[in-house]
Amino acid sequence: MNVSEALATRITCRAFLPDPVSEETVRAIVDRARHAPSGGNLQPWHLYVLSGKPLSDLLADVANKMIEAPRGEAPEYNVYPPGLKDPYEARRLKCGEDLYATIGIDRADKPRCIAQFMKNFKFFGAPVGMFVYLDRTMGPPQWAHVGIFMQSIMLAAREIGLHTCPQEAWALWHQTVASHLNPPAEWMLYCGMGLGYMDNDAAINRLRTDRASVDEIATFNF
Ligand SMILES: Cc1cc2nc3c(=O)[nH]c(=O)nc-3n(C[C@H](O)[C@H](O)[C@H](O)COP(=O)(O)O)c2cc1C
């Protein structure tokens with residue numbers, strides 16, 4: 001698979017097969033992704049990779065806590081800026097509508113939307129759950145660099161037939177996640193990411209999101 005194919009076939013997978021992915025395989029992906037560039041070569045990321053019992057213990061803990069606190073723990077950062085404006089808000093709404101439409105849920109049907117959202121905290125059935133941390137002292141440039149690292153993981157996964165699901169939703173459970181991983185206090189959780197084999201029969205994986213055209217996102221002065 002070349003880079004163009006990896007870019008074109010990477011989608012957010014929201015239903016995984018239970019087939020396991022070995023530690024060796026994830027190590028090979030991370031070994032490729034660690035070549036991601038970062039300003040000053042800071043490499044301001046740290047990844048925790050869980051599978052098997054450590055993962056199921058964490059998911060069970062979150063599921064338990066969710067009964068008492070369905071909204072999770074106050075996130076440490078704004079997943080979206082307050083008062084998100086258009087065109088961004090319109091894109092966010094359309095993405096949600098299209099997502100729920102794949103599984104026949106009306107966006108107004110809050111209980112079913114919430115039930116679907118809660119699948120984030122099962123990593124959508126992925127056999128591998130990853131958590132991406134960065135040092136709290138890092139600013140917007142370094143957050144962007146962490147994103148480059150994450151995209152590198154996602155593309156490297158595609159190359160070997162795997163799919164991924166980046167999940168900022170995990171910011172809602174940063175304290176519980178930290179209680180399982182024991183990261184240094186100066187690190188904060190940015191994002192989770194599920195990794196595994198895509199369930200091609202799952203309707204939710206049929207979502208193909210829109211993109212603005214080249215001329216909308218780029219200005220050429222040749
Ligand atoms: C950093 C990041 C965090 C995301 N967090 C979530 C999430 O918590 N839950 C989810 O279902 N999708 C999440 N997404 C997926 C986006 O909704 C998705 O990337 C976008 O709609 C484009 O669709 P595509 O990835 O299928 O091309 C996230 C994507 C990124 C890049």
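When hydrophobic side chains of Ile, Leu, Val, Met, Phe, Trp and Tyr are connected at separations under 4.5 Å, Leu155 ends up clustered with Val3, Leu7. Under a 4.5 Å side-chain heavy-atom cut-off, the cluster of Ile, Leu, Val, Met, Phe, Trp and Tyr residues that includes Phe220 is completed by Val214, Phe222.
With hydrophobic clusters built from ILVMFWY side chains whose heavy atoms lie under 4.5 angstrom apart, Leu50 does not share a cluster with Val132. Leu42 and Tyr133 fall into different hydrophobic clusters, where Ile, Leu, Val, Met, Phe, Trp and Tyr residues are linked whenever their side-chain heavy atoms come under 4.5 Å apart, directly or through other members. Under the 4.5 Å side-chain contact rule for hydrophobic residues, Leu162 and Leu17 share a cluster. Residues Val146 and Leu181 do not share a hydrophobic cluster, defined by chaining ILVMFWY side chains whose heavy atoms lie under 4.5 Å apart. Linking ILVMFWY residues whenever their side-chain heavy atoms come closer than 4.5 Å, directly or via other members, places Tyr77 and Trp45 in the same cluster.
With sequence neighbours excluded, the residues satisfying side-chain contact (heavy atoms from CB on, under 4.5 Å) with Arg107 are Leu93, Glu97, Tyr100. Leu84 meets the side-chain contact (heavy atoms from CB on, under 4.5 Å) test with Tyr80, Pro81, Tyr88, Glu89, Arg92; sequence neighbours excluded. By the salt bridge (charged side-chain N to carboxylate O under 4.0 Å, His left out) test, Arg206 is found to be paired with no residue, residues two or more places apart in sequence or in another chain being considered. Take Asn2 and apply the side-chain contact (heavy atoms from CB on, under 4.5 Å) test, not counting sequence neighbours, and it matches Ser4, Glu5. Taking Cys95 as the reference, Thr209 meet the side-chain contact (heavy atoms from CB on, under 4.5 Å) condition, with sequence neighbours excluded. Partners of Asp31 by salt bridge (charged side-chain N to carboxylate O under 4.0 Å, His left out), not counting sequence neighbours, listed by chain and number: Arg34.
The backbone N or O of Cys165 lies less than 3.5 Å from no partner atom in the side chain of Thr12, so there is not a single donor-acceptor pair.
In this structure, Thr102 OG1 and Arg14 CZ are separated by 8.5 Å, a value rounded to the nearest 0.5 Å. Separation of atoms CG (Leu207) and CG (Leu99) is listed at 5.5 Å; rounding is to 0.5 Å. Note: Lys94 NZ to Arg91 CZ = 11.5 Å, rounded to the nearest 0.5 Å.
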Criterion side chain to side chain contact (heavy atoms under 4.5 Å, CB included) on Ser51 and Val21, from CA distance to verdict: CA-CA 8 Å; Ser51 191; Val21 175; over 6 Å; no

Check against side chain to side chain contact (heavy atoms under 4.5 Å, CB included), His163 and Ile11: CA-CA 7 Å; His163 274 92; Ile11 61 158; 4.2 Å; yes

Val128 and Leu55: CA distance, side-chain angles, deciding distance, side chain to side chain contact (heavy atoms under 4.5 Å, CB included) verdict: CA-CA 8 Å; Val128 174; Leu55 178 60; 5.8 Å; no

Residues Leu58, Phe131; criterion side chain to side chain contact (heavy atoms under 4.5 Å, CB included); working and verdict: CA-CA 12 Å; Leu58 168 58; Phe131 293 98; 3.4 Å; yes

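Side chains of Asp135 and Thr137: a donor on one and an acceptor on the other come within 3.5 Å.
A pairwise comparison of heavy atoms in Ala157 and Ile29 identifies CA-CD1, 3.9 Å as the closest pair. Residues Ala15 and Asn205 share a closest heavy-atom pair of O-ND2, 2.9 Å. The heavy-atom pair separating Tyr48 from Pro183 by the smallest distance is OH-CA, 3.2 Å.
The shortest distance between side-chain heavy atoms of Arg32 and Glu159 falls below 4.5 Å. No side-chain heavy atom of Val177 sits less than 4.5 Å from a side-chain heavy atom of Ser179. Considering only heavy atoms from C-beta on, Met130 comes within 4.5 Å of Ile153 through its side chain. Within the 4.5 Å cutoff, no side-chain heavy atoms of Arg208 are placed close to those of Asp98. The side-chain heavy atoms of Pro127 and Pro18, taken from C-beta on, include no pair separated by under 4.5 Å. Looking at Pro166 and Met154, their side chains come closer than 4.5 Å, going by heavy atoms from C-beta outward. The closest side-chain heavy-atom distance from Pro44 to Phe149 is not below 4.5 Å. No side-chain heavy atom of Ile148 sits less than 4.5 Å from a side-chain heavy atom of Ser38.
The ring pair (Phe, Tyr, Trp, His ring centres under 6.0 Å) pairs that include a residue from residues 2-39 number zero, where partners must be two or more places apart or lie in different chains.
A salt bridge links Glu76 with Arg136: the closest approach of a Lys/Arg side-chain nitrogen to an acidic carboxylate oxygen falls below 4.0 angstrom.
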Contacts under 3.5 angstrom, residues 184-200 side chains, donor-acceptor by atom type, not counting sequence neighbours:
residue : atom : partner : partner atom : Å
Tyr190  : OH   : Glu168  : OE2          : 2.9
Asp199  : OD1  : Asp201  : N            : 2.9
Asp199  : OD1  : Ala202  : N            : 3.4

Donor-acceptor pairs under 3.5 Å, side chain of residues 61-75 to any protein atom, not counting sequence neighbours: which ones?
residue : atom : partner : partner atom : Å
Asp61   : OD2  : His180  : NE2          : 2.7
Lys65   : NZ   : Thr176  : OG1          : 3.3
Glu73   : OE1  : His174  : N            : 3.3
Glu73   : OE1  : Gln175  : N            : 2.7
Glu73   : OE1  : Thr176  : N            : 3.3
Glu73   : OE2  : Thr176  : N            : 3.4
Glu73   : OE2  : Thr176  : OG1          : 2.5

Taking only distance into account, with no hydrogens and no angle test, what donor-acceptor pairs under 3.5 Å do side-chain atoms of residues 114-123 form with protein atoms, sequence neighbours excluded?
residue : atom : partner : partner atom : Å
Asn120  : OD1  : Gln167  : NE2          : 2.9
Asn120  : ND2  : Phe117  : O            : 2.9

